[in-house]
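Note that the numbering runs from 1 along the sequence shown for the chain.
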Amino acid sequence: MTTKSNTPKKVNRKLSPLERRFTRSPFYLVTMMARIRGHVSEDMIRSAVSKVQQRHANLRARIEEDTDHNLWLTSEGAGEIPIEIVPRVSDGQWLEEYYRNCKIPFDFSERPPIRFILVQSTDVSELIIFCHHIICDGKSLAYLIRDIMQCLGDPDHEVEILPGLAPIGGSNLPKDVSVNALIRFFISKINKKWEKIKIHFDQEDYENVLDAYWSSFRQRILPIELSEDQTTELVKRCRGENVTVNSALITAFAGAQLTIQGTGTYNPNLGVVGSVRDRLTQPVNDGMGFYAGHVELKFRYQPRLDFWENARRFHKKVKPLYTNKSLFKEAILYEYLDPTFIESTPFKMLGGLVHDNASRFKKLSDFRKKNDVVLKVLKRNKVESPASIVMGTTITNLTNIDIPKQFGSLELDRLIMNPGISANYYLVLGALTCVGKLSLVAAHIEENLDSSSVDKIVNLAIELLS
């Protein structure tokens, strides 16, 4: 169990191998939007962010690299979290702010990799949180919104300071998770080959790749907002059909994708992301950090069958996969793999996109061209380039987030979450239910799946669910 105090402590710990998977990657960005009814002033939001920064250790820390290339979370010298206030002139303006901020790099070594945008009007505002996966998951941001709302609703609210939480890895992994000797042997060979050619990357490399990525790919997110009545009806129908809302959602989109994309383009590989907070030896409850795992399966939607029969087929197939062995598969492998090897993979994938006038063009393009152990591993996993589609649909569903609707004079109208989109997926779904309303985001890269097709897929998926 975690203990609480009212005195924030200094932060100084190594990043875990799993956390280092996200190091300086341009596409591991998690976003949460809270629509708030009532007036939120600039002073109110700055005060609330200051308070929650004391509560959560990850919000008080920057990332420091030592001479041996170990990465540390440290509160020493950590700068302020950026907060921007933007006048609200339209309902869809928050989406414009989202697209603009995706392209802005984080200063990992200077301040916590998170920023806040308040799209503000006197009656309704959208608070947008942009956070890098290296210090958070989707649930982290939902709990963070709850903490902020408490401070906004009650200016005298005193937050309880949470201790620094253990990341996924080491002694915090479940006892039944392990790697067999043969796999450890192959990982050892990878590490030895990497040691001979090892290359390290820094902030400037990251900024070059981030610019190249968003110059090459156009992202689009499509929010889908269900009312309380629609949410209640969907939950009731799913229960009656003996499936979860999660299974119904991904089945609906899989079926719609097959219809719109056709059998030649449709990818039957599906992914489901789930929380592992209650599976660790040291539970993290509602603390902030990356505490998620995922399962993958191949599922072919059968048009000749009723939609709900397809949903039951998917649910029956995915349910047995929710085991520690599956959910912690990556985490345990990274315990043995050289962390700098993991960190090099986005630069290997994306190095060929960097502009020839970029400051690190030669370093990154040369690394991309090398037929080395990094490229071989990426090819084995079929992600050697950003054009490699490895999954048709993946879903992150935070399920029902228990947050009150009313906070003093303010009302939390809705939460919307985007778990982040990679060019290697056709469609990424982010879902959650809060204050009785289900919100869903369908995110895609235009170069993989055009807007017209995605609009048709979304409309058909909703029709199937109805």
- Query: Would a 4.5 Å heavy-atom cut-off, applied to side chains only, mark M33 and R414 as touching?
  - Reply: no

- Query: Looking just at side-chain N and O atoms, do S385 and S388 make a donor-acceptor pair shorter than 3.5 Å?
  - Reply: yes

- Message: What I want to find out is whether R35 reaches E126 closely enough, with some N-O distance under 4.0 Å, to be called a salt bridge.
- Response: yes

- Would you mind checking if K437 and E225 are paired as a salt bridge, meaning a charged N to carboxylate O distance below 4.0 Å? no

- Checking side-chain contact (heavy atoms from CB on, under 4.5 Å) for the pair Y322/V318: CA distance, chi angles, key distance, verdict? CA-CA 7 Å; Y322 295 129; V318 75; 3.7 Å; yes

- In terms of the angle between their ring planes, are Y301 and F299 parallel, tilted or perpendicular, with boundaries placed at 30° and 60°? perpendicular

- Note on the structure: From the list T340, L337, I134, side-chain contact (heavy atoms from CB on, under 4.5 Å) with R20 holds only for T340

- Message: Could you tell me if the side chain of Q261 sits less than 4.5 Å from the side chain of L449, heavy atoms only?
- Response: yes

- side-chain contact (heavy atoms from CB on, under 4.5 Å) partner of Y291, chosen from L165, D278, N285: L165

- Assign the ring pair F347 / F201 to parallel, tilted or perpendicular, where the plane angle (0 to 90°) is split at 30° and 60°. parallel

- Item | E384 with K379: basic N within carboxylate O range, under 4.0 Å | no

- Please determine if D402 and R146 form a salt bridge, counting it only when a charged side-chain N lies under 4.0 Å from a carboxylate O. no

Which donor-acceptor pairs under 3.5 Å do side chains of residues 111-118 form with protein atoms, sequence neighbours excluded?
unit_1: R111; atom_1: NE; unit_2: E80; atom_2: O; d: 3.1
unit_1: R111; atom_1: NH1; unit_2: D107; atom_2: OD2; d: 3.0
unit_1: R115; atom_1: NE; unit_2: N101; atom_2: OD1; d: 3.0
unit_1: R115; atom_1: NH2; unit_2: N101; atom_2: O; d: 2.6
unit_1: R115; atom_1: NH2; unit_2: I104; atom_2: O; d: 2.7

- Query: Would you call R100 and E84 a salt bridge, using N to O less than 4.0 angstrom?
  - Reply: yes

- In terms of side-chain geometry, is the basic nitrogen of R220 or D455 positioned less than 4.0 Å from the acidic oxygen of its partner? yes

